[in-house]
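Being a predicted model, the structure only gives us computed values, none of them experimental. One-based numbering, in listed order, for ligands and for the atoms of each.
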Amino acid sequence: MSLLSVRNLTTEFFSGGAWLEAVSDVSFDLRRGEILGLVGESGCGKSTVAYSVMRLLASNAQISAGEVWLEDVNLTAADEGELQDLRGSRLSMIFQDPMTALDSLFTVGHQVIETLQEHLDLNVIEARERALALLRQVGIPAAEERLNAYPYQFSGGMSQRIALAIAISCHPQVLIADEPTTALDVTIQAQILHLIRRLLVEEQGTGVLLITHDLGVVAQVCDRVAVMYAGKIVEFGDVASIFSNPLHPYTQALLNSLPSQGIARGELENIQGRVPSLADRPAGCRFHPRCSHALGVCRQETPQLRTTADGQEVACVLYD
Ligand code: SF4
């Protein structure tokens, strides 16, 4: 069942005297109890999708078309009061830098308790007990003492655990995780991803939208994946299919640039060129300047997502 439904989302930024599309006609559903990866290089529009869903766009950005539904709530039509009620309760987010979510002026205990009391009917004692349980759940050692510590007294990995404790404190239906492990070393990264899967997906049935540039992270933890390039989804499918049979040349290039995959295929390579800026998007297929399979038609026609016989979706003329 779909928890979050993104339909034909288009988001623009005002820059250089014009509105420029950062996200173009993006659609997907996030199901209960799954982790959906949104993957692509920097500048492909992944985080803009996340901030559009949360309605946390910068003042020079707007959703110009499409809708986002959290079950029966149209988030694109909700007013700020409704959004504030939803954020932190039914809809939650963690960021690459946990300090974005933590206030350096207050103890972590204060911040967890405050979130709990804002969204749940708990008195201070009940909220403190629940905060303590949450810190233990996310693996903070000596949790009772650490309730009184300030964010600067924690390492990056521990801070991300506390941000996760706040994010899950009110049992969100949907968690958006924007590059949550990019700043962490590999061991801590694996621990945080494991916590997200166990505490949210398995125990609460939460749907997680995981934004990442790292296909290795997708392989570790995601159920399905949407590959984004220059503001559009170019391939969508379950992780096993996409890793065993990538269809879009961009997905193939991303996989071949991943040491574990590229070496196994004997095709380890860097992707040539770079993602075009918003002001400089090529006509036709936006990937054509970098694509080794490009045909003449690729410069004129924009390929649409089509479903293959195997159930994968791909936007490329090679599969028309
Ligand atoms: Fe390459 Fe053409 Fe497919 Fe785009 S549509 S990915 S340029 S083959």
Side-chain angles (χ1 to χ4, degrees), residues 6-13 20-28 36-49 65-66 211-219 222 224-320:
V6 174
R7 289 280 153 265
N8 308 108
L9 178 72
T10 297
T11 303
E12 304 173 328
F13 284 88
L20 305 173
E21 273 185 21
V23 169
S24 307
D25 198 23
V26 161
S27 298
F28 61 84
L36 171 63
L38 200 52
V39 72
E41 294 163 283
S42 295
C44 282
K46 312 178 299 294
S47 293
T48 304
V49 170
I211 313 291
T212 180
H213 66 280
D214 185 348
L215 273 171
V217 166
V218 171
C222 293
R224 294 188 300 154
V225 59
V227 180
M228 277 193 84
Y229 184 75
K232 296 179 82 72
I233 291 180
V234 296
E235 186 161 3
F236 195 109
D238 65 73
V239 168
S241 304
I242 291 209
F243 272 71
S244 62
N245 184 31
L247 299 178
H248 196 282
Y250 181 56
T251 315
Q252 292 166 1
L254 282 178
L255 277 169
N256 289 339
S257 67
L258 200 64
S260 59
Q261 295 286 318
I263 290 170
R265 291 162 185 267
E267 296 170 359
L268 184 60
E269 60 185 44
N270 283 327
I271 312 178
Q272 299 301 314
R274 49 185 185 174
V275 179
S277 72
L278 302 193
D280 196 24
R281 294 261 167 90
C285 172
R286 293 175 180 176
F287 189 57
H288 84 249
R290 304 173 75 186
C291 180
S292 55
H293 302 277
L295 307 169
V297 67
C298 304
R299 294 172 178 76
Q300 285 124 32
E301 290 182 19
T302 305
Q304 303 301 316
L305 271 181
R306 294 177 199 282
T307 307
T308 66
D310 296 333
Q312 260 161 265
E313 291 178 63
V314 61
C316 171
V317 297
L318 301 178
Y319 305 93
D320 279 355

- request: Report the C-alpha separation of E313 and T307 in whole Å, then their side-chain angles, then the decisive distance to 0.1 Å, and conclude whether the side chain to side chain donor-acceptor pair (under 3.5 Å) test is met.
  value: CA-CA 4 Å; E313 291 178 63; T307 307; 4.5 Å; no

task: Decide side chain to side chain contact (heavy atoms under 4.5 Å, CB included) for N245 and L247; before the verdict, give the C-alpha distance in whole Å, the side-chain angles of both, and the deciding distance to 0.1 Å.
output: CA-CA 6 Å; N245 184 31; L247 299 178; 3.7 Å; yes

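The shortest distance between side-chain heavy atoms of V227 and H248 does not fall below 4.5 Å.
Around atom 4 (Fe) of ligand 1, the protein contributes the following N, O or S atoms at distances under 2.8 Å: C285 SG.
The line from OG1 of T48 to CD of E12 is 12.0 Å long, rounded to the nearest 0.5 Å.
Between D25 and K232, no side-chain nitrogen of the basic residue sits less than 4.0 Å from a carboxylate oxygen of the acidic one, so the salt-bridge criterion is not met.
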Show me the donor-acceptor pairs within less than 3.5 Å that the side chains of residues 282-298 make with the rest of the protein, sequence neighbours left out.
| unit_1 | atom_1 | unit_2 | atom_2 | d |
| --- | --- | --- | --- | --- |
| R286 | NH1 | S24 | OG | 3.1 |
| R286 | NH1 | A230 | O | 2.7 |
| R286 | NH2 | S24 | OG | 3.3 |
| H288 | ND1 | A283 | O | 3.3 |
| H288 | ND1 | C285 | O | 3.0 |
| R290 | NE | Q272 | O | 2.7 |
| R290 | NH1 | E41 | OE1 | 3.0 |
| R290 | NH1 | Y229 | OH | 3.2 |
| R290 | NH2 | E41 | OE2 | 3.2 |
| R290 | NH2 | Q272 | O | 3.3 |
| R290 | NH2 | G273 | O | 3.0 |

